[in-house]
*Asks:* 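Just dropping this structure here.
Everything numeric here is computed off the predicted structure, so don't read it as measured data.
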Amino acid sequence: MNHLAQDLAALPPPLRKLLDAELAAGNEILEVGHSFPAAPCGAYVLLRDPVQTEHGDLRYRVRNSPLYSGEFTDEQGYFFLLEAPRPELPPQPAVSAPPTLLDKFQASMVLNYDKWHDGESYDLALLPQMNSTERAAAEKILLSKLSANPDWRDVEALHAIDSPAARVAVQAARQNRNADVRNFTLQLTQQQQPLSETEVIQAIQSAAALDGLAGVIDLASQYNTPAVRSAALERARSGDAPTRVHMAALLYYFCGLSAETFDWKQRPIFLQFAEPDSQAAWNQLSSKLKDFEEISKP
C-alpha cells in the first residue's frame, strides 16, 4: 500500500465518508500532507473545490488564508479535509492621514492567519524610534494585553522595551497561565536567569498538543538529565496522542537514537504512541531508556 493510500485509509470514518462523497460529486484531491493543521500523527487532504455534500457532525471552521479557506475535522482534530483557498479580496483603500509610529506598532499587533502561522513578531524595530510618550503608550497597551489575552509576542516586545515595569512583567510571565507564553519566556530569559530542572520538568508535565507542546520540546531538549528524561517518559505514557508521539521522539534524541528532536525517518515508530493502546511501545521505549541510563553511568 502506498503512502497516499495509507493516509486515506487512516482517515476517521466520518472524514472518509465526506471525502468519498465529494470525490463522487466531482471534487478532486490537490494534496495530502502531514504539516499544519494536522498533527504529526495525522494528515490533511486538500480539496480543489468547496465541500458541497452533507458533513454530519464534523466540525467546520472558515480559514480565509492563502493556504486554505475552510477545514473539516472530528473531535480528535488529528485529521483534516481542507478546502482550497478562495480568490483574494480586493485591497483596502489607503489611509489618508499618515500613521504615527504608535499607530504602525498597533497595526503590527493585529494578527492575521499568516502572521500567526509563521510565528511573526510585532514590528519591534519601531520601538527604539518612538519618543518616550509613544513608547510609554505602547508599554501600557502591551501590559494590558498580556494581562487579558496573553501572547508570547507581548513578552518579546516588553523585553525589548526593557523598562522597570516591563522587566517585572517579563519575569512574571515565566509563570504565566498560557503555556506558549510561559515556555517562550523561559527560553527568552534563560541566559539572564537559567532555568531550573524543576521548571523544565513542570513544563514537560503540563505539555499538551494545543498548549505549548512545541515550546516545551525546544526547552526540554537542552536539559538531558535523568529527571527530565523520567518526566518525558511519563508523558510518553500518559499525555494526549500528539504529546506521547513527541515525547517518544524527544527520548530517542536524548538516547542518541536520532539526530534531532523529531526524526522523520523514524516517524512510524513514534506514531505507535498515538495508538489508543500504546503500552507495548512505551514498554519498549522504557527499556531503551534503561539501557541508556546504564551506559551513561559514570
*Asks:* Do Phe292 and Arg229 have side chains that get closer than 4.5 Å, going by heavy atoms?
*Replies:*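 In short, these two side chains touch, coming nearer than 4.5 Å.
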*Asks:* Between Ser258 and Lys265, is there a side-chain heavy-atom distance shorter than 4.5 Å?
*Replies:*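 The answer is no; the side chains never approach within 4.5 Å.
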*Asks:* Does Leu67 reach the side chain of Pro85, with side-chain heavy atoms less than 4.5 Å apart?
*Replies:*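 Result no, sub-4.5 Å side-chain heavy-atom pair not found.
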*Asks:* Looking at CG of Leu271 and CZ of Arg244, how far apart are the two atoms once the value is rounded to the nearest 0.5 Å?
*Replies:*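 Between Leu271 CG and Arg244 CZ, I get 11.5 Å after rounding to 0.5 Å.
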*Asks:* Do Ser278 and Gln272 get their side chains close enough for a donor-acceptor pair, meaning under 3.5 Å?
*Replies:*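 Result is no, nothing qualifies.
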*Asks:* Any salt bridge between Arg59 and Glu71, counting N to O under 4.0 Å?
*Replies:*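 No, Arg59 and Glu71 are not salt-bridged.
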*Asks:* For Glu134 and Gln129: C-alpha separation, side-chain torsions, deciding distance, then whether side chain to side chain donor-acceptor pair (under 3.5 Å) applies.
*Replies:* CA-CA 9 Å; Glu134 290 175 316; Gln129 303 175 45; over 6 Å; no
*Asks:* Could you check if a side-chain atom of Arg16 sits within less than 4.5 angstrom of a side-chain atom of Asp20, using non-hydrogen atoms only?
*Replies:*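 Yes; the side chains approach each other to less than 4.5 Å.
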*Asks:* Are Phe184 and Asp151 side-chain neighbours, meaning at least one heavy-atom pair lies under 4.5 Å?
*Replies:*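 They are not in contact (no side-chain heavy atoms under 4.5 Å apart), so the answer is no.
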*Asks:* Roughly how far apart are His246 NE2 and Leu251 CG, rounded to 0.5 Å?
*Replies:*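 If we round to the nearest 0.5 Å, His246:NE2 and Leu251:CG are 13.0 Å apart.
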*Asks:* How close do Phe254 and Ala220 get, counting heavy atoms only, and between which atoms?
*Replies:*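 It is CZ-O, 3.1 Å.
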*Asks:* Let me confirm one number: the CG-CG distance from Leu186 to Leu195, rounded to the nearest 0.5 Å.
*Replies:*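 If I round to the nearest 0.5 Å, the distance is 4.5 Å.
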*Asks:* What closest approach, in Å, do Ala203 and Asn183 show between heavy atoms, and which atom pair accounts for it?
*Replies:*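 Closest approach of Ala203 to Asn183: CB-OD1, 3.7 Å.
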*Asks:* Has the side chain of Thr189 got a donor or acceptor atom that lies under 3.5 Å from a matching backbone atom of Gln192?
*Replies:*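 Judged by distance alone, no pair lies under 3.5 Å.
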*Asks:* Below 4.5 Å, heavy atoms only, C-beta onward: do Val216 and Ile204 meet side chain to side chain?
*Replies:*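 Yes, close enough: below the 4.5 Å cut-off.
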*Asks:* Is the number of heavy atoms from other residues, nucleotides or ligands within 6.0 Å of CD (Gln191) greater than 12?
*Replies:*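 Result for CD/Gln191: open.
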*Asks:* So, for Leu15 and Leu81, which heavy atoms are closest and what is the spacing to 0.1 Å?
*Replies:*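 Here Leu15 and Leu81 meet closest at O-CD1, 3.6 Å.
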*Asks:* As a quick check of understanding, evaluate side-chain contact (heavy atoms from CB on, under 4.5 Å) for Ile201 and Val228, giving each step before the final call.
*Replies:* CA-CA 6 Å; Ile201 291 172; Val228 168; 4.2 Å; yes
*Asks:* Would you say Ser108's side chain and Tyr122's backbone share a donor-acceptor pair under 3.5 angstrom?
*Replies:*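 It does not hold such a pair.
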*Asks:* For the residue pair Ala248 and Ala236, what are the closest heavy atoms and their distance?
*Replies:*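 Heavy-atom minimum between the residues: N-CB, 4.2 Å.
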*Asks:* Please tell me whether Thr243 and Arg235 have a donor and an acceptor in their side chains that are separated by less than 3.5 angstrom.
*Replies:*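 Short answer, no.
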*Asks:* Please check this pair: side chain of Glu54 against backbone of Gly56, looking for a donor-acceptor N/O pair closer than 3.5 Å.
*Replies:*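 It does hold such a pair.
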*Asks:* Within the 4.5 Å heavy-atom criterion, are Asp154 and Met109 side-chain neighbours or not?
*Replies:*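 Contact flag for Asp154/Met109 side chains = yes.
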*Asks:* So for atom NZ, which belongs to Lys17, do other residues, nucleotides or ligands contribute more than 12 heavy atoms lying within a distance under 6.0 Å?
*Replies:*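 Result for NZ/Lys17: open.
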*Asks:* Begin with the C-alpha distance, continue with both residues' side-chain angles, and end with the deciding distance and a verdict on salt bridge (Lys or Arg N to Asp or Glu O under 4.0 Å) for Arg63 and Glu83.
*Replies:* CA-CA 9 Å; Arg63 300 293 195 194; Glu83 298 172 314; over 6 Å; no
*Asks:* Which heavy-atom pair separates Pro194 from Glu199 by the least distance, and what is that distance?
*Replies:*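 Result for this residue pair: O-OE1, 4.3 Å.
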*Asks:* Give a yes or no on whether the backbone of Leu143 and the side-chain of Ser147 come within a donor-acceptor separation of less than 3.5 Å.
*Replies:*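 No; zero donor-acceptor contacts below 3.5 Å.
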*Asks:* To the closest 0.5 Å, what do you measure between OH (Tyr223) and CG (Leu219)?
*Replies:*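 Between atom OH of Tyr223 and atom CG of Leu219 there are 7.5 Å.
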*Asks:* Give the C-alpha distance, both sets of side-chain angles, the deciding distance and a yes or no for salt bridge (Lys or Arg N to Asp or Glu O under 4.0 Å) between Glu120 and Arg153.
*Replies:* CA-CA 8 Å; Glu120 186 175 328; Arg153 298 168 181 84; over 6 Å; no
*Asks:* Show your reasoning for whether ring-ring contact (aromatic ring centres under 6.0 Å, His included) applies to Tyr252 and Phe270.
*Replies:* CA-CA 9 Å; Tyr252 264 66; Phe270 305 150; 5.3 Å; yes
*Asks:* Is the closest side-chain heavy-atom distance between Asp291 and Glu294 below 4.5 Å?
*Replies:*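 The answer is no, as the side chains (C-beta and beyond) never meet within the 4.5 Å cut-off.
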*Asks:* Carefully, step by step, assess Leu146 and Val181 under the rule side-chain contact (heavy atoms from CB on, under 4.5 Å).
*Replies:* CA-CA 9 Å; Leu146 182 60; Val181 172; 4.3 Å; yes
*Asks:* Just by distance, do the side chain of Asn27 and the backbone of Asp49 share a donor-acceptor pair under 3.5 Å?
*Replies:*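 Yes.
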*Asks:* For Asp218, does its backbone N or O pair with a side-chain atom of Gln222 as donor and acceptor, under 3.5 Å?
*Replies:*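 Yes; judged by distance alone, with no hydrogens or angles, the pair exists.
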*Asks:* Between Ser286 and Asn283, do the side chains contain an N or O donor and an N or O acceptor separated by less than 3.5 Å?
*Replies:*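 Looking only at side-chain atoms, Asn283 and Ser286 do not form any donor-acceptor pair under 3.5 Å.
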*Asks:* Where do Thr73 and Phe79 land on the side-chain contact (heavy atoms from CB on, under 4.5 Å) test, with the steps shown first?
*Replies:* CA-CA 6 Å; Thr73 189; Phe79 292 83; 5.6 Å; no
*Asks:* I would like to know whether Glu234 and Arg237 meet salt bridge (Lys or Arg N to Asp or Glu O under 4.0 Å); could you show each step before the answer?
*Replies:* CA-CA 5 Å; Glu234 172 57 26; Arg237 184 187 66 82; 2.6 Å; yes
*Asks:* Keeping Ser230 on the side-chain end and Pro226 on the backbone end, is there a donor-acceptor pair under 3.5 Å?
*Replies:*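 It does not hold such a pair.
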*Asks:* Quick one: do Leu30 and Leu47 satisfy side-chain contact (heavy atoms from CB on, under 4.5 Å)? Show the steps, please.
*Replies:* CA-CA 6 Å; Leu30 295 181; Leu47 296 174; over 6 Å; no
*Asks:* Got a second to check how far Glu28's CD is from Leu46's CG, nearest 0.5 Å?
*Replies:*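 One gets 11.5 Å once the value is rounded to the nearest 0.5 Å.
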*Asks:* Nearest heavy-atom pair of Arg177 and Pro150: which atoms, and what distance?
*Replies:*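 Heavy-atom minimum between the residues: NH2-CD, 3.2 Å.
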*Asks:* Are Asp162 and Arg167 within salt-bridge range, i.e. N to O under 4.0 Å?
*Replies:*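 Judged by the 4.0 Å cut-off on N to carboxylate O distance, Asp162 and Arg167 do form a salt bridge.
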*Asks:* Rounded to the nearest 0.5 Å, what's the gap from CG on Leu11 to CG on Leu8? Could you check?
*Replies:*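 Rounded to the nearest 0.5 Å, the CG-CG separation comes out at 5.5 Å.
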*Asks:* Can you say whether the rings of Phe72 and Tyr60 are parallel (under 30°), tilted (30 to 60°) or perpendicular (over 60°)?
*Replies:*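 Answer is tilted, since the angle falls between 30° and 60°.
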*Asks:* Do any N or O atoms from the side chain of Glu156 and from the backbone of Trp152 form a donor-acceptor pair under 3.5 angstrom?
*Replies:*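 Checking the backbone N and O of Trp152 against the side chain of Glu156, no donor-acceptor pair under 3.5 Å is found.
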